Amino acid sequence: DTGVSQNPRHKITKRGQNVTFRCDPISEHNRLYWYRQTLGQGPEFLTYFQNEAQLEKSRLLSDRFSAERPKGSFSTLEIQRTEQGDSAMYLCASSLEGGVDEQFFGPGTRLTVL
Amino acid sequence: QQQVKQSPQSLIVQKGGISIINCAYENTAFDYFPWYQQFPGKGPALLIAIRPDVSEKKEGRFTISFNKSAKQFSLHIMDSQPGDSATYFCAASIKTARQLTFGSGTQLTVLP
């Protein structure tokens, strides 16, 4: 257990529905990352926060995806109008500014879109 | 564009043997190279990492070898154990960009 928690661990939804995932980073970590991992592939970067500011967004993050990190603590990732192609593991990671870039990953949220 | 290429896709090793996984990168701006271990249903866990100012780093049974001129780095697992059976990912990042670019993974099976 790295100290990064994610909820829910599994989510099954129907195409067209909205879903929201939550990530709680290690408490003193001010950097938070979202990645997406499909079966048999490595994680792909989606977006990155430093404190409450969203500093980078990948081209993978379509307009249907939005992420927030109010107050610089937990973060949420929302997917609107889900598509079957959104089925994946959504991973959250956190790190400490001024550290050695070591990112600690949570257990992920497995999304299945029917 | 895949910036970190990892091989082999799968690897089977006998208990006590040496497991070797290779990665090659394209972006010369990368300056941090970690290896992650992932078990089914779990998030990736950092194993060991290296920066390009050293050619080798060893932590217990795990060693990273780094060849800056060839833009290649590899993970060596000595005395491989069945508990090492997992998927291993190499990754790279640029200090100013922060996000990790991962390889496609190697599924390691260590036979008892």
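Quick note on labels: first sequence line is chain A, next is B, and so on, each numbered from 1. All values derive from a computational prediction rather than experimental measurement.
Within 6.0 Å of CG on Asp53(B) lie more than 12 heavy atoms contributed by other residues, nucleotides or ligands. By the 6.0 Å contact criterion, CD on Glu59(B) is enclosed, its count of non-hydrogen atoms from other residues, nucleotides or ligands being greater than 12.
Within the 4.5 angstrom heavy-atom criterion, only side-chain atoms of Arg9(A), from C-beta onward, approach chain B. Gln38(B) touches chain A through its side chain: at least one heavy atom from C-beta onward sits under 4.5 Å away, while N, CA, C and O do not. There is no contact between Glu44(A) and chain B, counting heavy-atom distances below 4.5 Å.
Across every non-hydrogen atom of Gln99(B) and Phe45(A), the tightest pair is CB-CD1, 3.1 Å. In terms of heavy-atom proximity, Phe105(A) sits nearest to Pro44(B) at CB-O, 3.3 Å.
Inter-residue side-chain proximity for Gln41(A) and Ser104(B) is flagged as met; some heavy-atom pair is nearer than 4.5 Å. In this structure, the side chains of Gln103(A) and Tyr36(B) come closer than 4.5 Å at one or more pairs of heavy atoms.
Val113(A) is connected to Phe65(A) through a chain of hydrophobic side-chain contacts under 4.5 Å among Ile, Leu, Val, Met, Phe, Trp and Tyr, so both are in one cluster. Note on Tyr90(A): it clusters hydrophobically with Leu61(A), by side-chain heavy-atom contacts below 4.5 Å among ILVMFWY residues. Both Val110(B) and Ile77(B) are part of a single hydrophobic cluster, where members link through side-chain heavy atoms under 4.5 Å apart. Two different hydrophobic clusters hold Phe104(A) and Leu47(B) under the rule that ILVMFWY side chains link at heavy-atom gaps under 4.5 Å. Hydrophobic clustering places Ile21(B) together with Phe30(B) (ILVMFWY residues linked when any side-chain heavy atoms are closer than 4.5 Å, directly or through intermediates).
Ranked by heavy-atom pairs under 4.5 Å with chain B, the first of Gly42(A), Ala93(A), Gly40(A) is Gly42(A). The candidate from Gln37(A), Met89(A), Arg110(A) with the greatest count of non-hydrogen atom pairs under 4.5 Å with chain B is Gln37(A).
The backbone N or O of Leu100(B) sits less than 3.5 Å from a side-chain atom of Tyr35(A), completing a donor-acceptor pair.
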